[in-house]
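Step one of this worksheet: look at the structure below.
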Amino acid sequence: MSKTPHLKIEDLHVSVEGKEILKGLNLEIKGGEVHAIMGPNGTGKSTLAAALMGHPKYEVTSGSVTLDGEDVLEMETDERGRAGMFLAMQYPSEITGVTNADFLRSAINARRGEGNEISLMKFIRQMDEKMKVLEMDESFSQRYLNEGFSGGEKKRNEILQMMMLNPRIAILDEIDSGLDIDALKIVAKGVNEMRSPERGFLIITHYQRLLNYIEPDFVHVMMQGKIVRSGGAELSEKLEAEGYDWIKEELGIEDETVGANA
Amino acid sequence: MAKKAPELEEYQYGFHDRDVSVFRTQKGLTREIVEEISRMKEEPEWMLEFRLKALDLFFSMPMPTWGGDLTQLNFDDITYYVKPSERQGRSWDEVPEEIKNTFDKLGIPEAEQKFLAGVSAQYESEVVYHNMQKELEDMGVIFCDTDTAVKEYPEIVKEYFGTVIPPSDNKFAALNSAVWSGGSFIYVPKGVKCETPLQAYFRINSENMGQFERTLIIADEDSFVHYVEGCTAPIYSTDSLHSAVVEIIVKERARCRYTTIQNWSNNVYNLVTKRAVAYADANMEWIDGNIGSKLTMKYPAVVMKGPRAKGTVLSIAVAGKGQHQDAGAKMLHLAPDCTSTIVSKSISKDGGKVTYRGLTSFGRKAEGSKSNVKCDTLILDNKSTSDTIPYNEILNDKITLEHEATVSKVSEDQLFYLMSRGLTEDEATQMIVMGFIEPFTKELPMEYAVEMNRLIKFEMEGSIG
């Protein structure tokens, strides 16, 4: 699977409990690219992330998503994971009794398949290495998955998983929320280390701040469940300086959330 | 991932071997049958009297109407005594071939070589194999079947037998007292610490068979012993009955740990009375895993008679289709500054039913005693149920009692999280279940923890979707 990934989202419509949130979203992500999706709260950013990963609450009503031409929407969540998609979640679940290390090794082995399991030594070495990059204390490997972790620890743990699982398409959902500036820099360092032609990133955030440390190739603005504007890194700088109102004005949008209709 | 295997193959110990018994009583229970069992065993008169008194009690006591459903249990349709071979082996070569094969399939001789200090194997009513490391023998440890103990150590047996659980305790204790056969007798002398576990394995092979082993453990002052038992049976369309009595005496400053992994097939009624008496500064731990059986009613108890005695019950119960695990614990604090801990973990799935039934009692002299009770239930689907029924009796107001109960379901978000990392739904569910019972498995000797995880994985396979 060394060829560069290609994720293609076309005219995606997604509903939650009967209410349409995404209303025709188009986006293409290729290996080596970092895409940032920005937008005020309630515009459908996290819905996009969850729907791409196949959360059962999010119903795709029309449109298509393909990874290297394969129909992603036909795949179960675990198949998407094994195909190389990864979602760093805004609110990761806590699983008691399962250590971080055991969980990660199971996840790695699920991707590698039976008979091709990672050796324990190699696994420990890799995990130690990545934890160092993220300045995580050794004790994290033996703590129960996310149980009792602070918000910042959970975010770091998500990035650790990403670094260990080597996804082809990494989606980071508000990975910066709740992080102080030092933690933000560490998380950004982890992400930057992972940038490669074999990997594409989709970074969801509503602060420009993160993008000071992870420079995006493309910036998209979401409003009312669609991408309403795309540009380069300069777009996020303009948003930082001027906010979202100028876009709303240009497009004649009064209420940018999905509940409202333009 | 392998999809669900056919129903009957799910329980991998469900095989049965050819009946090789040398003697069996007729079905049903009469005074003559009890006399015959006693005669076959060449017992002293006092034991026969004990049996016959117990039999009268059994006949006179009503069937319990609480707990599980016992209406299908037919005492007339059970064979109460089956003698599988003429004599007991001290090496596996002396065990009849068919029976040895059974235990080979169960992996017992292999386990013995690897990590056990002594092994006892009971097949139907009798212990067919028994062996213990010479070092323990030299230190004065006695580990034999209870029938042998009655003959060879009558003074000790007479002193303790039936003192912790008298036949009048409950109908099934009376039944066991009347027809008991086999079980383990352990005596650990003062100050002797048995570092490696002693194990007994109980196997029912016949249809409609009743197994009534009787275990008596005495841990003398300052001693330590860890006893482990495992149980399996074949799958038949009709039911069998397992009704054991386990009595334990833990003397001053001694510690006893009793670990059970009960994996009877789903046609076995498992109605067991287990109770320990703990004297001053003694420590009794019941580690109790219930995975199999049709109905289990079992509430391991610790009677804390001396100051600062400690009691622990750490249990898991897994109930699948057609199963009811009615399990729990009893802690009786009868002296000052006793402490007890109950941790109960229950899992129900495929329409199974789990009940935690517990008693925490503080006597008049129990000032300064503490009890902590924690019951957690994990329900895997909407067909399955759970109940928590705690009873408290408090006769002293200077005590501390904490009770905490949680019921949870495997949440959609947890599954989504694990699956997004590439685990299948089955694997994700297993992982959540294993994590849930981790406080239990981490207390098992390593080999059993591995076995336990394997069993649970097996139970969980295909349970979703």
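Reminder, nothing fancy here: chain letters follow the sequence lines and each chain counts from 1.
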Side-chain heavy-atom pair H55(A), E412(B) within 4.5 angstrom cut-off: yes

Close side-chain approach of N146(A) to Y417(B), heavy-atom, < 4.5 Å: yes

Engaged part of R111(A) at the chain B interface, taking heavy atoms whose separation is under 4.5 Å: side chain

From I95(A) atom CD1 to M434(B) atom CE, the distance as rounded to the nearest 0.5 Å: 14.0 Å

Non-hydrogen side-chain atoms of S106(A) and M431(B) separated by less than 4.5 Å: yes

Separation between CG of D78(A) and CD of E425(B), rounded to the nearest 0.5 Å: 8.0 Å

Region of L165(A) in contact with chain B, defined by heavy-atom distances below 4.5 Å: side chain

Interface moiety of Y144(A) toward chain B, non-hydrogen atoms closer than 4.5 Å: side chain

For G422(B) against A110(A), the heavy-atom pair lying closest together: O-CB, 3.4 Å

Gap between atom CG of D376(B) and atom OG1 of T96(A) - 0.5 Å precision: 9.0 Å

Chain B contact via L145(A) - which portion, at a heavy-atom distance below 4.5 Å: side chain

Where R421(B) and Q161(A) come nearest, the two heavy atoms and their spacing: NE-OE1, 2.5 Å

Atom pair CG (N109(A)) and CG (L423(B)), whose distance is rounded to the nearest 0.5 Å: 10.0 Å

Other residues, nucleotides, ligands: >12 heavy atoms within 6.0 Å of D137(A) CG: yes

K57(A) and F416(B), any side-chain heavy atoms less than 4.5 Å apart: no

K370(B) atom NZ, over 12 foreign heavy atoms within 6.0 Å: no

Side chain to side chain, R82(A) and T424(B), heavy atoms closer than 4.5 Å: yes

Crowding at CD, E28(A) (>12 non-hydrogen neighbours, <6.0 Å): yes

Residue part contacting chain B, namely of E114(A), when any heavy atom lies under 4.5 Å: neither

Note, L418(B) side chain near V98(A) side chain (heavy atom, < 4.5 Å): no

Nearest heavy atoms of M53(A) and S420(B), plus distance in Å: CE-O, 3.5 Å

More than 12 heavy atoms from other groups under 6.0 Å of NZ on K154(A): yes

